[in-house]
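Worksheet: one structure, shown below.
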Amino acid sequence: MKRVAVVVAIVGGLTALFLFGLLRGAPDRNVPSNLLNRQVPNFDLPVYERYLAAFGPRLDLADHAGRPLVINFWASWCGPCYTEAPHLEAAQRRYGDEVLFIGIQTQERDARAAGRAFIERFDFTFPNVIDDDSRVSIAYGLFGVPETFFVRADGTLAYKHVGPVDTAVLTERVEALLP
Amino acid sequence: MRSLPRALRLAAIAAGVAALLLGVSLAQDIMLDPRVFEIGNELRCPTCVAESVGESNASIAREMRQIIQEQLDEGRTRAEILAFFQDRYGDWILLSPPRRGVLLLVWLLPVAAVLVAGGGLVMLVRRWRAAAEEGVAPVAAEDLARVRAALSGADTEPSASDEAAPHAPAPRP
């Protein structure tokens, strides 16, 4: 009887482990950023034509030191980026005077037409720049798109959001950046 | 009929462009130092599932290989290059977790499991061997006599007591 109990326990344990592996879904990408509470890397990237008048041909992050930032990484092939885009634009219209929103097109090379169409579709009024070689996304430790970085006025990272942001997340995190 | 050659021409152009892109991608990798792939195989591709930077063809993995090449050209060591990516992505980026803190469990638990399983197996084998050495337990003389009596009785005609037994054949009508 004792031997049967041991066998049942072993088989039950292995079955539970098997089912856990089978049903747990995709690996969790929500890994905390290694940049948390550290200075975010600087970048100097080309700007989409739409923003030339306001920002010039390139956007150098160093020129905007002292302002809280919301940096959103996107790609035109990324489905969730389309979901979050209206929320980002709404947040920009609400907080744009106090916080600088920046969109970075990344992880797709030479996709200007697709990038332009994405920006026009959501009528983005905040600057969008092009990270053609994905170097900035590597500097920020990006796992995929979309990811959004909330940066304090002193240039340190307060929070990184993995996946699409919505108005509730944006409101909570942007409010936390304000003095 | 006229549209078929045109479709074929378009397909040929598309295949040519695809081959060219694949060729450019392969040429980029062929030009890389073999050490790039050795180091890349120690790094997890950020956008792939269970693939290393050395193996993946994702655009970010190709760019990371390029960064490794540039850093090797600058004279950086393997450890310095791994530290560069670790600084940005944390320990997650390393396919072999560092042997410290909680991550030490990843290394120690399999060893502990093997030791426990090995110990259990040794104990089990010892028990089996001890049982085998003990041999068959001696039979009591009384039991032996009953068995002998039963065996000798089986060769003879059934006795009166046997007929009364529940397994006795039923009398013919």
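In what follows, every chain begins at residue 1, and chains take the letters A, B, ... in the order their sequences are listed.
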### Message
If you count heavy atoms of other groups shown closer than 6.0 angstrom to CZ of A:R38, is the number above 12?
### Response
yes

### Query
Closest approach of A:N34 and B:Y89, non-hydrogen atoms and distance?
CB-C, 4.0 Å

### Task
Answer yes or no: does atom CD of B:E142 have more than 12 heavy-atom neighbours from other residues, nucleotides or ligands under 6.0 Å?
no

### Task
Counting only heavy atoms closer than 4.5 Å, note whether B:I93 contacts chain A via side chain, backbone, both or neither.
neither

### Message
Same cluster or not: B:L43 versus B:L95, using hydrophobic residues (I, L, V, M, F, W, Y) connected whenever any side-chain heavy atoms lie under 4.5 Å apart?
### Response
no

### Query
How far does CZ of B:R88 sit from OG of A:S137, to the nearest 0.5 angstrom?
11.5 Å

### Query
Shortest non-hydrogen contact from A:Q107 to B:I60?
NE2-CD1, 3.3 Å

### Query
Is it true that a side-chain atom of A:D133 and a backbone atom of B:E63 form a donor plus acceptor pair closer than 3.5 Å?
no

### Query
Mind checking whether A:Y159 and A:L61 sit in one hydrophobic cluster, side chains of I, L, V, M, F, W, Y counted as touching below 4.5 Å?
yes

### Message
Please say yes or no: joined through hydrophobic side-chain contacts below 4.5 Å, possibly via intermediate residues, are B:M64 and A:I104 part of one cluster?
### Response
no

### Query
Would a hydrophobic clustering, with Ile, Leu, Val, Met, Phe, Trp and Tyr connected at side-chain separations under 4.5 Å, put A:F43 with B:I67?
no

### Message
Can you confirm whether A:D154 is buried at CG, in the sense that more than 12 heavy atoms of other residues, nucleotides or ligands lie under 6.0 Å from that atom?
### Response
yes

### Task
Name the region of B:D91, side chain, backbone, both or neither, that has any atom closer than 4.5 Å to a heavy atom of chain A.
neither

### Task
May I ask you to check whether over 12 heavy atoms, not counting those of A:R58, lie within 6.0 Å of atom CZ?
yes

### Task
Identify the residues of residues 67-87 of chain A whose heavy atoms come closer than 4.5 Å to a heavy atom of chain B, ordered by number, or report 'none'.
none

#### Entry: hydrophobic_cluster_shared for A:Y51 and A:V129, side chain cutoff 4.5 Å
yes

